[in-house]
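Beneath this line is the structure, given in structure tokens, with notes to follow.
Numbering of residues begins at 1 and proceeds along the displayed sequence. When a ligand or atom number is given, it counts from 1 through the structure's own listing order. Keep in mind that this is a model prediction, so the values were computed, not measured.
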Amino acid sequence: MWARELVMSAPGKVILHGEHAVVLGKVALAVALDLRTFLRLRPGAEGRLSVSLPGVGVRRSWDTPELRALRGRIAADCDESKPPSLEQLDALREFAGIAAGASAPESLATLAFLYMCLAISAKYGDVPSVDILVWSELPTGAGLGSSAAYAVCLAAALLMVCGAISCPLQEGESTARWTEEELTLINSWAFRGEQVIHGNPSGVDNAVGTWGGALRYQAGKITPLKRVPTLRILLTNTKVPRSTKVLVAGVKEKILKFPAIMNPVLDSIDAISQECQSVLEAMPANPSPEHYPVLEEFFDINQHHLNVLGVGHPSLDRLCQVTASHSLHSKLTGAGGGGCGITLLPPDTSPPAVEAAKQDLCACGFECWETKIGAPGVTLHSCCSLSARVLHALAQS
Ligand SMILES: Nc1ncnc2c1ncn2[C@@H]1O[C@H](COP(=O)(O)OP(=O)(O)O)[C@@H](O)[C@H]1O
Ligand SMILES: C[C@@](O)(CCOP(=O)(O)O)CC(=O)O
Ligand SMILES: [Mg+2]
């Protein structure tokens, strides 16, 4: 029986270039964000598994014998190398009282939790009697990888409780990370969780959530960027809700309909990611303003490409126009269709200019904040190493 109280966290991400194209095997460049999802794991009452997801309004509890019986029906051949099957997901929906085709955040979050819990425990151990609470600093469904950060935290917690990976946090330590091999396993299971939520994810978001930092991702191959300069980025949330699953499916449809028109766009996005990688790796750690015009042009071109793919939105057009009126360049990030955009802030941008751009963006009803990129990947924390804000959020039971 699990006896320790622990907290783990995983970062959100910003895709600099390559969203959507990455689903079709092209290169993406992504960086971890300093906004994280936290999971509190506690011993539960014997024979009960409880989950609380305040961000999406879920609070559920099940008898473990009941879950064991369900697992016996659906999870006989569960493995991190296999995607969740339609039959497995149908059985989980029926068990949880979720309507077929339901795509509300609470339904997808519950389904991903049940799938990961039953599949991981079927392979490595027993259905655990634990209480799990997940709370996030990330906006949900805004392009910053909240689904992946959720799936990475769940994978780490469930694999640890089932004994498939170690608990690396020693007494007296404030944080700890897992070995490369353990991180690879966490990443593989998190990808399965993303499949439940997204349908057809590329795997870039869970890779950043697991490894952190800045990386190049292509068809499952993860390569940390050799050198990433300190980039100042303004993140703007248009607050227009959208679903990654729906947008990814829309792009697929468009490519099937107009392959000769759309494939060159995907190739061009791939070229932008590759060129951008070369520029970033050649830039000094603290770049001067003359390094920026090329990066800014890449943002502009890619934003046009993403509009061609059909994942733009009037709110994102507005965001780009407002920042352009302050001589700043922006693009959407993540799945688009609303959600967030990123704006590059060259080092010679004066604080009053950034302030003026922020004010104009806020006047559109958007929320914006400056961010640091390159945060650490999935991490275990001792409670005393967490900020008062996080502790307070995790104190809700
Ligand atoms: N804190 C959270 N708790 C539970 N589920 C979450 C949380 N954050 C995200 N999710 C799940 O991820 C989904 C959003 O994923 P997605 O549409 O990919 O947007 P994004 O990953 O850009 O935030 C939600 O509908 C929900 O199912
Ligand atoms: C559109 C896509 O490239 C990124 C989606 O990111 P998000 O869920 O919007 O944070 C999809 C994917 O790579 O799985
Ligand atoms: Mg997502």
Side-chain angles (χ1 to χ4, degrees), residues 9-30 32-33 35-40 51-60 98 102-116 132-154 190-191 193-209 217-220 235 237-238 240-252 266 269 273 302 306 309-311 313 332-342 393-394:
S9 73
K13 61 88 226 262
V14 164
I15 297 185
L16 295 177
H17 289 291
E19 46 275 275
H20 289 288
V22 69
V23 176
L24 296 136
K26 310 296 181 192
V27 175
L29 303 181
L33 197 57
L35 294 176
R36 304 182 76 84
T37 294
F38 293 85
L39 182 152
R40 185 198 70 195
V51 62
S52 215
L53 310 171
V56 294
V58 169
R59 208 185 158 122
R60 307 275 306 244
I98 297 170
S103 60
E106 61 274 22
S107 307
L108 295 175
T110 307
L111 208 57
F113 176 81
L114 279 173
Y115 178 78
M116 292 179 74
I132 286 177
L133 178 129
V134 181
W135 173 81
S136 189
E137 296 170 334
L138 290 158
T140 303
L144 302 182
S146 76
S147 58
Y150 172 61
V152 169
C153 283
L154 281 184
F191 179 62
E194 274 276 82
Q195 282 184 319
V196 176
I197 296 172
H198 276 201
N200 185 24
S202 64
V204 63
D205 290 7
N206 47 279
V208 182
Y217 184 94
Q218 184 174 26
L235 259 177
N237 189 354
T238 63
V240 173
R242 72 331 150 262
S243 145
T244 301
K245 188 175 182 170
V246 171
L247 288 150
V248 168
V251 171
K252 186 175 170 189
L266 298 176
I269 294 177
S273 294
N302 200 358
L306 289 160
L309 292 182
V311 298
H313 188 272
L332 69 83
T333 188
C340 287
I342 48 176
L394 295 177

Would you find a donor on one side and an acceptor on the other, under 3.5 Å apart, between the side chain of Glu19 and the backbone of Ala335? no

Can you list every pair where an N/O of ligand 1 is under 3.5 Å from an N/O on the protein?
unit_1, atom_1, unit_2, atom_2, d
ligand 1, 8 (N), Ser146, OG, 3.4
ligand 1, 17 (O), Thr244, N, 3.3
ligand 1, 17 (O), Thr244, OG1, 3.2
ligand 1, 18 (O), Ser147, OG, 3.1
ligand 1, 18 (O), His198, NE2, 2.6
ligand 1, 18 (O), Thr244, OG1, 2.9
ligand 1, 21 (O), Ser146, N, 3.1
ligand 1, 21 (O), Ser147, N, 3.1
ligand 1, 21 (O), Ser147, OG, 3.0
ligand 1, 22 (O), Gly143, N, 2.9
ligand 1, 22 (O), Arg242, NH2, 3.4
ligand 1, 23 (O), Gly141, N, 2.8
ligand 1, 23 (O), Ser146, N, 3.2
ligand 1, 23 (O), Ser146, OG, 2.5
ligand 1, 27 (O), Pro105, O, 2.9
ligand 1, 27 (O), Ala109, N, 3.3

Check the pair Lys26, Ile269 against side chain to side chain contact (heavy atoms under 4.5 Å, CB included), reporting the backbone distance first and the verdict last. CA-CA 8 Å; Lys26 310 296 181 192; Ile269 294 177; 5.9 Å; no

How large, to 10°, is the angle at the Mg ion (ligand 3) when you draw lines to OG on Ser147 and to NE2 on His198? 90°

Distance (rounded to the nearest 0.5 Å) between Ile132 CD1 and Leu53 CG: 9.0 Å

Supply the atom-to-atom distance Ile98 CD1 to Ser107 OG, rounded to the nearest 0.5 angstrom. 5.0 Å

Would you confirm whether Thr333, through its side chain, and Ile15, through its main-chain N or O, come within 3.5 Å as a donor-acceptor pair? yes

Has Ser202 got a side-chain atom pairing as donor or acceptor with Val22's backbone, closer than 3.5 angstrom? no

Partner of Thr37 under side-chain hydrogen bond (donor to acceptor under 3.5 Å, both in side chains), chosen from Ser147, Ser136, Ser146: Ser136

For Gly141, does its backbone N or O pair with a side-chain atom of Arg242 as donor and acceptor, under 3.5 Å? yes

Could you give the N/O to N/O pairs under 3.5 Å linking ligand 2 and the protein, each with its distance?
unit_1, atom_1, unit_2, atom_2, d
ligand 2, 3 (O), His20, N, 3.0
ligand 2, 6 (O), Lys13, NZ, 3.0
ligand 2, 6 (O), Asp205, OD2, 3.1
ligand 2, 8 (O), His198, NE2, 3.4
ligand 2, 8 (O), Thr244, OG1, 2.8
ligand 2, 9 (O), Arg242, NH2, 2.5
ligand 2, 9 (O), Thr244, OG1, 3.2
ligand 2, 9 (O), Ala335, N, 2.9
ligand 2, 10 (O), Lys13, NZ, 2.7
ligand 2, 10 (O), Gly143, O, 3.3
ligand 2, 10 (O), Gly145, N, 2.9
ligand 2, 10 (O), Asp205, OD2, 3.4
ligand 2, 13 (O), Ser202, OG, 2.6
ligand 2, 14 (O), Ser202, N, 2.8
ligand 2, 14 (O), Ser202, OG, 3.4

Using modelled atom types only, decide if a donor and an acceptor are shared between the side chain of Tyr150 and the backbone of Ala109 within a distance under 3.5 Å. yes

Please find the pair of heavy atoms, one from Phe191 and one from Pro201, that lie closest to each other, and give the distance. CE1-O, 3.5 Å

